[in-house]
Protein chains: 2
Amino acid sequence: MKILIADDDKVVHEALGIYLRAEGFEPVNVYDGNAAIEALTPDIALCVLDIMMPGKSGIEVCKEIRKTSHLPIIMLTAKGEEVDRIIGLELGADDYIVKPFSPREVVARIKAVLRRTQEQQESDNSALVFNGLTIDLKSYTVTLRGEPVVCTPKEIEILHMLASNPGQVFTREQLLNRVWGYDFAGETRTVDTHIKRIRAKLDSEGLGWSIKTIYGVGYKFEVE
Amino acid sequence: MKILIADDDKVVHEALGIYLRAEGFEPVNVYDGNAAIEALTPDIALCVLDIMMPGKSGIEVCKEIRKTSHLPIIMLTAKGEEVDRIIGLELGADDYIVKPFSPREVVARIKAVLRRTQEQQESDNSALVFNGLTIDLKSYTVTLRGEPVVCTPKEIEILHMLASNPGQVFTREQLLNRVWGYDFAGETRTVDTHIKRIRAKLDSEGLGWSIKTIYGVGYKFEVE
DNA sequence: CCTTACTGTGAACAAATGGTGAAAACACAG
DNA sequence: CTGTGTTTTCACCATTTGTTCACAGTAAGG
């Protein structure tokens, strides 16, 4: 996996290079902002941008990238560049690291950011499939034992959220926030009603999964 | 997501409130240290503490919190209080911000700290595992010798708190504060009853761990 | 031993939570 | 505007969970 490192300090490249290769990454080293932009082939998985660089600053590069892609970006800032730090995040960087840093820290953050962004992509995409049940958020369809089940949008969204993290308990508030949006003002008991209807439509008898209530906490989709 | 803001300056509350709400956070405003401690219910996700406050200083509040929890804390310090800055971080605060600050900066830092700590927790969150016992707070399940054990939320939370710090003694008050929330008014003996029930459900015979009573102090989860 | 303070326990009681059905409010297409 | 399907709210009841309390049991320290 290729990681683009843009920094004018050779020491940074050397230090990160050792640790990145040890973790199976393939560092691509550039020394200024313009080179960074040129080096951005589609096989780059993530890029680390120093803010202070000759040519184009890290901030400019970050802006440039964000115009066309969601490529994960980690900013490097020297101590004292407080302002830049914030700007970096506002520009859409995924993380920032303050110099001086330990190479291990950087690698840990890189892995964390990659994990995050990969998870996001996975959760957006494909249909969920369980024993006798499929949930496809793209076409808003649910099938049970091969037969299509007519579900309302809210029902599908709740089911999808629960089923994309089997075993994990979601509180009613978490469900409201994710499915309804943060500005929903209503009762948490609304969730109960939807769960009831989902259960009524989805007879999971003998299929090895079910929607469980965790008393005092919330609901979870459980697979045996 | 609730953010506790403890500062004696009303202007700070107003400024941060606007930006926090815009980002979907729910600010909880208190004006002195004692109020901060009282307001610390378990649904607070992070707290911002001014160092100079009437009643209890931010430093004292921070110390108090750190006795029983890893709640993310951001300290606010007036310019020139360099010493406090260091003390703040030594006390276990997660970040510090020097006044005067821009509200945007504070919000950016809050998000950064939350992301960091959430990631940590995710890696911690993976179930606690002991010989023959697993405790998974994410799915609210406990298993003993492979068999699931039905536990109530309070039972799991107490067990989890004890088991995440094996060997450390927790007083009944500390357990009440963390599991019930700082505003719980009832008897400390309530804890005894829950411990009794946990013990009844978790027969640890020959598994090398147990919940021990420390006479006159509290309880601990002990591993041989 | 003996006293004292603390803890374990069971049962009664109180509180909180969840399931449900029906009705009201709402959204949207015709 | 009307009718249909969806979403939300609400009140009821059943159930689970949490709390308290009195009393018995046990450790600590003289």
Side-chain angles (χ1 to χ4, degrees), chain A residues 137 140-142 148-162 169-204 210-222, chain B residues 41-43 137 140-142 148-162 169-205 210-222:
Chain A
L137 205 53
Y140 268 76
T141 49
V142 175
V149 180
V150 198
C151 284
T152 69
K154 285 271 186 302
E155 286 165 8
I156 293 184
E157 282 158 19
I158 291 169
L159 182 59
H160 184 267
M161 176 162 173
L162 290 175
V169 184
F170 293 92
T171 65
R172 292 176 177 72
E173 281 200 354
Q174 287 176 317
L175 288 162
L176 286 173
N177 285 344
R178 281 264 290 270
V179 174
W180 277 257
Y182 278 92
D183 53 346
F184 181 75
E187 301 288 318
T188 62
R189 297 300 303 279
T190 299
V191 176
D192 297 30
T193 302
H194 287 275
I195 294 283
K196 173 189 62 171
R197 284 204 287 257
I198 295 171
R199 280 173 170 158
K201 288 178 182 177
L202 262 52
D203 161 38
S204 64
S210 60
I211 297 176
K212 283 252 157 68
T213 305
I214 307 302
Y215 198 99
V217 186
Y219 298 97
K220 70 173 173 179
F221 185 89
E222 196 177 59
Chain B
T41 48
D43 57 340
L137 209 52
Y140 267 77
T141 48
V142 175
V149 180
V150 194
C151 286
T152 69
K154 285 268 188 304
E155 285 166 7
I156 293 185
E157 283 158 18
I158 291 170
L159 182 59
H160 185 265
M161 176 164 174
L162 291 175
V169 184
F170 292 92
T171 66
R172 291 176 177 72
E173 282 202 351
Q174 286 176 319
L175 288 163
L176 285 173
N177 284 345
R178 272 272 286 278
V179 174
W180 276 257
Y182 279 89
D183 54 346
F184 181 74
E187 301 288 318
T188 62
R189 295 302 305 280
T190 299
V191 176
D192 297 31
T193 301
H194 286 278
I195 294 283
K196 172 191 63 172
R197 286 206 276 252
I198 294 171
R199 281 172 169 159
K201 287 178 182 177
L202 263 52
D203 161 37
S204 64
E205 194 68 38
S210 60
I211 297 176
K212 283 257 157 66
T213 306
I214 307 304
Y215 193 94
V217 187
Y219 298 96
K220 70 173 174 179
F221 185 89
E222 196 177 59

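Throughout, a chain's letter reflects where its sequence line sits, starting with A, and its residues are numbered from 1.
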**Q** Return the minimal non-hydrogen interatomic distance between A:Leu176 and A:Thr188, and the atom names on each side.
**A** CD1-CA, 3.8 Å
**Q** Quick one, give me the B/S/- string for nucleotides 24-30 of chain C, reading 5' to 3', where B means a protein heavy atom under 4.0 Å from the base and S means that only happens at the primed atoms, P, OP1 or OP2.
**A** -------
**Q** Rounded to whole Å, how long is the line connecting atom CH2 of B:Trp180 with atom P of C:dA16?
**A** 15 Å
**Q** Rounded to whole angstroms, how far apart are NZ on A:Lys154 and C1' on D:dT8?
**A** 10 Å
**Q** Would you mind reading off the distance between B:Leu175 atom CG and D:dT19 atom C1', rounded to a whole angstrom?
**A** 16 Å
**Q** Partners of B:Arg189 by salt bridge (charged side-chain N to carboxylate O under 4.0 Å, His left out), sequence neighbours excluded?
**A** B:Asp192
**Q** Separation of A:Ile158 atom CD1 from D:dT6 atom P, in whole Å?
**A** 14 Å
**Q** To the nearest Å, how far apart are B:Lys201 NZ and D:dT16 C1'?
**A** 11 Å
**Q** Which heavy-atom pair separates B:Lys201 from B:Val150 by the least distance, and what is that distance?
**A** NZ-O, 3.1 Å
**Q** Just so I know, are the side chains of A:Tyr219 and A:Ile158 near enough to count as touching, which here means a heavy-atom distance under 4.5 Å?
**A** no
**Q** Please give the angle, rounded to 10 degrees, between the axes at the start and the end of the helix from C:dC1-D:dG30 to C:dG30-D:dC1, where five pairs define each axis.
**A** 40°
**Q** Quick one, which residues of residues 213-222 of chain B touch DNA chain D with a heavy atom under 4.0 Å?
**A** B:Tyr215
**Q** Take the protein atom CZ of B:Arg172 and the nucleotide atom P of D:dT19, then report the distance between them rounded to whole Å.
**A** 15 Å
**Q** Would you tell me whether B:Glu157 and B:Tyr140 have side-chain atoms, one donor and one acceptor, within less than 3.5 Å of each other?
**A** yes
**Q** State, to 0.1 Å, how close A:Lys212 and A:Arg199 come at their nearest heavy-atom pair, and which atoms those are.
**A** C-NH2, 3.9 Å
**Q** B:Ile214 and B:Lys220: which non-hydrogen atoms are nearest, and at how many Å?
**A** CD1-CE, 3.7 Å
**Q** Strictly below 4.0 Å, heavy-atom distances to any atom of DNA chain D: list the hits from residues 187-199 of chain B, or just say none.
**A** B:Glu187, B:Thr190, B:Thr193, B:His194, B:Arg197
**Q** Tell me, please, which residues at least two apart from A:Asp203 pass salt bridge (charged side-chain N to carboxylate O under 4.0 Å, His left out).
**A** A:Arg145
